[in-house]
Structures are given as C-alpha cells and as structure tokens.
Amino acid sequence: MTITWDATWTTGHKHTVQAAMDRIQLMLTKAMMSIHAVQRDNAARALYVKHFNNAALDKLPAVTAVVRAMHDRVAKNAITMTFVPDLASFNALGFSLPAGVAYSNVGAFVVQSGIASGTPLTIYVGPSFFSGLVYLPKAPGDASGTGVLLHELSHGVGGTRDHAYTHSPNYKSLSAVQRVANADSYRAYAQEFDKL
C-alpha cells in the first residue's frame, strides 16, 4: 500500500491512520476470500446475505466488483491522505457541508466516486477520526476510524451511495439493489473480518 501524506500530518496522526489502513488491508483480503467462497460455503453465504440482502446471489458479481476495487486500491494503488483539521481548512478547499452536519463530527470524506484503478484517490481525514475509537467499534452500530475509511473507500472506488447506515431504522428494509449500492453495507461487511 502506498500512501501519500501532505505537510499537514504529524507523525502521530500518520501512524494512527497507517495502522488503520494496514488493518483495512487485512479485512479486505479476508473479505475477498469470503466473497469468492459464497457459492460453496454456508458461512460465507450467510454473511453475504446478511449484509447484501441477496439470497438469490444475483447481485454477487456487483458486490464482488466493489469489494475487489476496495481491496485492490489498498493493496496495489496509491491513496493520498489529506488531513483537514478544522472548518477553516475545509472551507479553504472549496467544499461545503451538507445541511445539519457539524464539521467537528466529520471523520473522513471523499469527493471522487467510482474512480478507475489508475486514477489517484484522495481521502480527506477530519477531526473526529482521532476523537473516538479508531480500530474496533464497541458494538456493530458504533463508528470507528477504520469503519469510516472503509465507508469512504467504497464511495471512492465503488461508486456507492448513502441509502442508509446500518444503525438506521430503515437499513433493514433496504432492497438488495439498494444494499449493493450502499456504502455502509460494505463497511459492515468488511468489518466482519476485523475480529482479534
């Protein structure tokens, strides 16, 4: 994995994000192995159906493509990490926040969506990435830094959208088509493989 850091990073912040990305690479490697076993392994199939609501497996190729794109991005392609510590820095980049979002609650974001493997990807890391649990969440619906990066990675390389977060009441009612295109479905699926 090749990460490019800009001048805003401290050694401590770099170390924390690098450790999260190393962990993500392991999760995505295990996710790739599991997704390839869905048709022959009951446990892999159950995990896939749990996250993508697709017992017919007709969406498996689309899910496999997103998981592969995420895996290949962290394993083979460069990622630029830009730390955006405060609202002034965010505004200086020319971005705007969605209504009702406080910048202090932003863990990470991307502005690119569904980019090809040869195209550079930038992940912008916000202040809340460092204020909570970076690695393992306490419960499945809790946020963590690795989860935020996985979620944003699925947007950047998989072209996913935000239909619902897994902790939202309407998540369970998402169709297979919506789950396959939903960023948090990939975050939750990959984090199934982050067991210590």
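Residues take their numbers from the sequence shown, with the count starting at 1.
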Determine whether [X] and [Y] make a side-chain contact, defined as any pair of heavy atoms from C-beta on separated by less than 4.5 Å.
{"X": "I79", "Y": "T4", "result": "no"}
{"X": "R45", "Y": "L57", "result": "yes"}
{"X": "V84", "Y": "V125", "result": "no"}
{"X": "P85", "Y": "F90", "result": "no"}
{"X": "H36", "Y": "T64", "result": "yes"}
{"X": "I123", "Y": "T80", "result": "no"}
{"X": "R161", "Y": "N182", "result": "no"}
{"X": "L60", "Y": "V38", "result": "yes"}

Starting at [atom1] of [X], measure out to [atom2] of [Y] and round the result to the nearest 0.5 Å.
{"X": "H167", "Y": "D184", "atom1": "NE2", "atom2": "CG", "answer": "7.5 Å"}
{"X": "I35", "Y": "R68", "atom1": "CD1", "atom2": "CZ", "answer": "10.0 Å"}
{"X": "L121", "Y": "M81", "atom1": "CG", "atom2": "CE", "answer": "8.0 Å"}
{"X": "T166", "Y": "Q191", "atom1": "OG1", "atom2": "CD", "answer": "8.5 Å"}
{"X": "L153", "Y": "T160", "atom1": "CG", "atom2": "OG1", "answer": "9.0 Å"}
{"X": "N53", "Y": "S173", "atom1": "CG", "atom2": "OG", "answer": "9.5 Å"}

### Task
Given ring pair (Phe, Tyr, Trp, His ring centres under 6.0 Å), test H163 with Y171 step by step and report yes or no.
CA-CA 8 Å; H163 290 293; Y171 181 76; over 10 Å; no
Is [X] linked to [Y] within one hydrophobic cluster, defined over Ile, Leu, Val, Met, Phe, Trp and Tyr using a side-chain heavy-atom separation of less than 4.5 Å?
{"X": "L150", "Y": "M32", "result": "yes"}
{"X": "I24", "Y": "I115", "result": "yes"}
{"X": "V49", "Y": "V66", "result": "yes"}
{"X": "V67", "Y": "V180", "result": "yes"}
{"X": "L93", "Y": "V101", "result": "yes"}

### Task
Show your reasoning for whether side chain to side chain contact (heavy atoms under 4.5 Å, CB included) applies to L26 and F193.
CA-CA 8 Å; L26 289 173; F193 304 98; over 6 Å; no
### Donor-acceptor contact below 3.5 Å, side chain T29 vs main chain Q25
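Side chain of T29 to backbone of Q25: a pair is present.
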### Message
Can you classify the ring geometry of H13 versus W9 as parallel (below 30°), tilted (30 to 60°) or perpendicular (above 60°)?
### Response
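Judged by the thresholds at 30° and 60°, the geometry between H13 and W9 is perpendicular.
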Contact summary for [X] and [Y], nearest pair of heavy atoms:
{"X": "V148", "Y": "G107", "result": "CG1-C, 3.8 Å"}
{"X": "L47", "Y": "S34", "result": "CD2-OG, 4.5 Å"}
{"X": "T8", "Y": "D6", "result": "OG1-OD1, 2.5 Å"}
{"X": "S113", "Y": "G159", "result": "OG-CA, 3.5 Å"}
{"X": "V157", "Y": "R73", "result": "CG1-NE, 3.6 Å"}
{"X": "I3", "Y": "M21", "result": "CD1-CG, 3.8 Å"}

### Query
Should E192 and K50 be marked as a salt bridge (charged side-chain N to carboxylate O under 4.0 Å, His left out) after you check the CA-CA gap, both sets of side-chain angles, and the distance that decides it?
CA-CA 11 Å; E192 290 279 357; K50 172 184 172 183; 2.7 Å; yes
### Message
Is a donor from one side chain sitting under 3.5 angstrom from an acceptor on the other, for S89 and D86?
### Response
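The criterion, which ignores hydrogens and geometry beyond distance, is satisfied for D86 and S89.
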#### Entry: S185 and H51: side chain donor to acceptor below 3.5 Å
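Distance-only check fails for S185 and H51.
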### Message
As a test of understanding, state which of F129, F95, Y103 forms a ring-ring contact (aromatic ring centres under 6.0 Å, His included) with Y124.
### Response
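Output: one option passes, namely F95.
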### Message
The test is side chain to side chain contact (heavy atoms under 4.5 Å, CB included); show your working for L87 and L97 and say whether it passes.
### Response
CA-CA 9 Å; L87 185 58; L97 284 172; 3.9 Å; yes
### Message
Atom CD of residue position Q18 - does it have more than 12 heavy atoms of other residues, nucleotides or ligands inside 6.0 Å?
### Response
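Counting other residues, nucleotides and ligands, CD of Q18 exceeds 12 neighbours.
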### Message
Taking the basic N atoms (NZ, or NE/NH1/NH2) and the acidic carboxylate oxygens, is any pair closer than 4.0 Å for E152 and R187?
### Response
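Looking at E152 and R187, the cut-off is not met.
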### Message
Check for me whether the distance between the ring centres of Y189 and F52 falls short of 6.0 Å.
### Response
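Under 6.0 Å, so yes.
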### Message
Against the six-membered ring of Y186, is R179 placed for a cation-pi contact (under 6.0 Å from the centre, within 45° of the normal)?
### Response
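Ring-cation test returns no.
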